[in-house]
Amino acid sequence: MEKKQNNNLDNNKNKFDKNENKKKMEMKVNLSSQNNNKRNEINKDKQNYQNRDSRDNRENRTRNFQNRDNRNREGFKRDGRDNSFRKDNRSFNREGNNQPRDNRDNRGFQNRDNRDSRDNRENGTRNFQNRDNRNREGFKRDGRDNSFRKDNRSFNREGNNQPRDNRDNRGFQNRDNRDSRDNRENGTRNFRDRQDNRGFSDRGGFNRDRDDFRRDNKNFSSGKKDAQSEIPAASVTEKGKAGGKGKGKFEKKKYEKNRRDREQHEKELRSDFRKDDKKKKKNKKHEKAVKDEIVRIEGESIGMITIGDEIVIKDLAEKLGINVSDIIKKFFMEGKLLTANAILSFEEAEEVALDYEVIVEKEIVEEISYGEKYHLEQEDREAELVTRAPVITIMGHVDHGKTSLLDALRHTNIMGDEAGGITQKIGAYQVNWKGQRITFIDTPGHEAFTEMRARGANITDISILIVAADDGVKPQTVEAISHAKEAGVPIIVAINKIDKPGADPMKVRTELTEYGLMSPEWGGTTEFVEISAKKKINLEELLETILITAELEELKANPNKRPKAVVVESRLDPKMGAVADVLVQEGTLKIGDVFVAGESHGRVRSMLDDRGKKINKAIVSQPVEITGFNVVPNAGDILYGVESDKQAKKIVEDFIREKKVNEQNKKKHISLESLSQELEEQELKELKCIIRADSRGSVEALRESLEKLNTEKVVVNVIQGSAGAVTEGDVKLAEASNAIIIAFNVRPTTPARIIAEKTGVEIRNYNVIYHATEEIEKAMKGMLDPEFKEVYFGRIEVKQVFKVSNVGNIAGAVVVDGKVTKDSKIRVIRDGIIIFDGELGSLKRFKDDVKEVVMGQECGIGIQDFNDIKAGDIIESYIMEEIPR
Ligand SMILES: Nc1nc2c(ncn2[C@@H]2O[C@H](COP(=O)(O)OP(=O)(O)OP(=O)(O)O)[C@@H](O)[C@H]2O)c(=O)[nH]1
C-alpha cells in the first residue's frame, strides 16, 4: 500500500509542472478567501489535474512520434533511435500502466460500499478507456516506443480479456450485491457488513481480507463480542429458549466453520504467491503509520483523495486523517444530524474535504483480467527479459495467396536439420531464418485475428498484408488494414503474384496510399515486399523484413518464470481427450506443469512441436500441441502455470461460478442510446463507427459528415468504411473495438445479424446521410429522440357521411376489428391506398363524446384537418408507442 502510495506520489510529482503548481497556489488563495466559491474552485482544480494528465499523455505521444521520426529518418537503422529517450518513456508509461492496478485495488471498496448498479456500469464502461488507449496507440503505432508498446500490450491483452474479465468484475459486484441483499434479508444489513466488505477489497482483495476483517471488527466493538455478533440474528434470539442454547451454539459453530472454509479458500487461491503476501504484510506494517490517504504535491498544502460515488463518514474521516466528530459537527452546524456510519454523497464529501484543502477525485474503476484477478500475472524486471521470436499473422483478400504464402514459408525448409519433415499441422508454426525464429499463426485472415482479439488474446506482433499484384486493393484488404490498425499491430505489405502476367505492383502501392500505407521511399513507414508465393520469389526478403521489423519492436519476454500461453486452437480427440495448440508467451511450458486456462485446468501430459516431434518443454513464442486439459479450452483462453492441482481447481471453480453470475448481467455493447450517458459520466471520449454503404462514394460522404461532428467532448472515429452488406467481420470488429455499425442503404447478412444480436453490437440503418449525422449528433449531445413503434388498434368502416355545420364532415362508422380510442392516430384508406394519415378529431356514440369504441359498435368520427371522408372508406386506428431504451 505504502509502495503504491509512493508510486502515486511519484507519479503526481512527475505530472505536475510548475505552471500547474501556480494554478494550484492561486486556487489555494481563493480557497481561504472565498468560502462560497469553494466548489467551483475545486472543479477548476480538478480540471487542471485532468488537463495535466492529458498533457502528459500528449507529451508522451509526442515523444513516441519523435522515436518514430528517428526510425523513419534512419530507415531500419537501429542506431538512429534515441535509446535514453526510449527509456524515459518506458518508465513513464509503466507508471501510467501501473495506475489502473492501483485503481483496481480500490475498486472493491467502491463496489462494496455502493452496492448499486452504478458500480457495475462504471466497471463495465472501463472497457472504453482501455479500448481507447489501445486504439490511440493502435493508430499511432508507428510512433510507439517499443517498451511502451510492450507494457501496453500486456495491458491491452488484459483489456482484451475484457469480455471475460468484465464478467469477472461484474461477478464480484454481483456477488457483493447478492450478499448485501442476503444481509438485508437477514436483517443484518449493517455497517459491519459494509465495513467488512470494504476492508476486503480496499486493501487489495484476498491478501488482506482476513486482517481487515479483524481490524474492522475491532473498530466496531471488541473482538470477543464480534464473534458473537457475526452469528445470524435468529440464533441469538433463540438463545434464551429451551434448547435454544444448544441451537445457538450449533449456529455459531456452523458460522465459524463457514468462515474458516472461506478463509481457507482464499488462502488456497493465493497460495502461489506467498512471497507477494509477505511483501504486502510488510507494507501493511508501514501502512499503520500512514494516517491519511491524502496525496500531497511537494511544496503544496493542497492534497487529493479518491472516493467512489458515496462514502461513509467514518471512511472519509480516515482518508482525510481527521476525527469522525469533526465531520459530524460540520453537518450538525448545518442542521443535519448524522452518525459516523452515515453515507455522504460525492458532493458532500467534496465539501467536507474542501475544509481541509483536499480535492476529492472520483475513483476510476479498472477491471481486472483473469490473470490479475487470480494473481497469475507476474511482473518482470528489465534484466530478466530476453528477445523472443515475433508472432506473425497473414491477412488479405480472398484468393490473394494467404494460404499459399503460409505453405511456401512452411516448406522453405528453413529448419535445415529437419529436411522433409513437416507432418504436424497445428495452429501455428515456426521457421528459422538465419538462426532466428519466426512464428506464423496458421489461421490466415483477419476474422480469426479479430476473433482472438475479441477473446482477449492479442497474440500477433506483426501482420503481413497480402495483396495480389494482379487484383489490387479489395474490400477484405481494406478490412484487414482496419483490423490491424485497430489492434495496433505493424503491417508489412506483401505484394503477391508478381510472377503473373497482369501483375502491377505499382498500382497496389498507389492504391494503398489511400489507406495510409506508404513505403519509406514514398515517405511512409510501411515496409513493402514484392513476392510470389507460388514461385517462391523474394520470400527470403520477406523473412528478412519481418526480422528487422521485429527487432525494432524489441519483442522480449522472461523465459524463467511460470509459463503463460495462449490457446490458438483446441479440439476433442477421441483418443487423447482435450487437445490444444498453444503459443507460449512467457516462461517455459514443461511436461507436468499444472495450469489453468479459462474454464479448464490440468497438467501438461504430452507435448508435440509444430513438426510433430515429442518435446519436453516449449520456450517463449513456440507453438506446441499439448494434452492434459480436463475439458476443451476455448481458443483465445490464456493458460497460466500454477502451483498445484488444488489451486488450479479452486481458481477454475471460482471463475466458472462468477462467470455464471456475470452472464446474467452481461455488459451492453455501446449504442447510440447509451452514448449520451457514457458521455455524461465522462467515460467515453470517442465514438467508434464502422460504415457500410451501397457505394464507396456514400462511405466517403458519410465518413466526412460524421467526422465533422467531432466536438471537444467526443470524437467520431470511423475505424472502417467499405461498400457492401454488413458482414460478420464487421460485427466482430465492432465487438472487439466497441464500435457501432452504420449501415447506409445496405442490410446485414443473416450471420452478421445473428452475431450482432448475440453480442449486442448495434447496427443502425439509414438511407439519408443527414439522418445518420443528425442522430449521432443528437446522441453526442445527449438528446436522442425517443424511438416509437406503431401499435395497430383497429379497423373502422365508414357507412355514411354527415355534414355538421361549423364542424365539417362526420363519418358514421362501425368498428369492424379491434377498437378506436379518442387519442388514437388514424389513417384513411380508400381502395387500398392511404389517402390521409393524421389525428382523430372527435369520437362519439349517440351524440356523446366517448373515450373508446370497440368492435361491433357504431360511432361518429370526426378527423382533424381532413374533410374528404366518403362512405366505403376504411379508417385504421393505431398509436405510436415509445420503445423503452
Ligand atoms: N501465379 C501465382 N498464383 C498464386 C500465387 N500465390 C497464390 N496463387 C494462386 O492464387 C490462388 C489462391 O491462393 P490461396 O493461397 O488459396 O489464397 P488465399 O488468400 O489463401 O485464399 P482463401 O483461403 O480462399 O482466402 C491459388 O490458385 C494459388 O495457386 C503467386 O504468387 N503466383
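Each residue takes its place number in the sequence, starting with 1. For ligands, and for the atoms within them, numbers begin at 1 and follow the listed sequence.
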How does [X] reach ligand 1, if at all, at less than 4.0 Å between non-hydrogen atoms: by side chain, backbone, both, or neither?
X	answer
His400	backbone
Asp399	both
Asp499	side chain

- Message: Tell me whether His397 reaches ligand 1 (any heavy atom closer than 4.0 angstrom to a ligand atom).
- Response: yes
Numbered atoms and elements of ligand 1 in range of [X], under 4.0 angstrom, heavy atoms:
X	answer
Lys402	15 (O), 17 (O), 18 (P), 19 (O), 20 (O), 25 (O)
Ser532	30 (C), 31 (O), 32 (N)
Ser404	6 (N), 7 (C), 13 (O), 14 (P), 15 (O), 28 (C)
Lys500	1 (N)

- Message: Less than 6.0 angstrom separating the ring centers of Phe440 and Tyr429, yes or no?
- Response: yes
- Salt bridge flag under 4.0 Å for residues Glu530 and Arg509: yes
[Y] versus [X], side-chain donor and acceptor atoms under 3.5 Å:
X	Y	value
Asp730	Gln720	yes
Ser621	Thr439	no
Thr759	Glu735	no
His400	Asn496	no

- Exam field: side chain Ser698 to backbone Asp694, donor-acceptor pair closer than 3.5 Å: no
- Message: Test your reading of the structure: does Ala533 have an N or O sitting under 3.5 Å from an N or O of ligand 1?
- Response: yes
- Task: Counting heavy atoms only, name the option from Gln476, Lys534, Lys535 that's nearest to atom 29 (O) of ligand 1.
- Result: Lys534
- Looking only at non-hydrogen atoms, the one of Ile498, Asp407, Val398 nearest atom 24 (O) of ligand 1 is Val398
- Pairwise distance CG(Leu539) to CH2(Trp433) - rounded to 0.5 angstrom: 9.5 Å
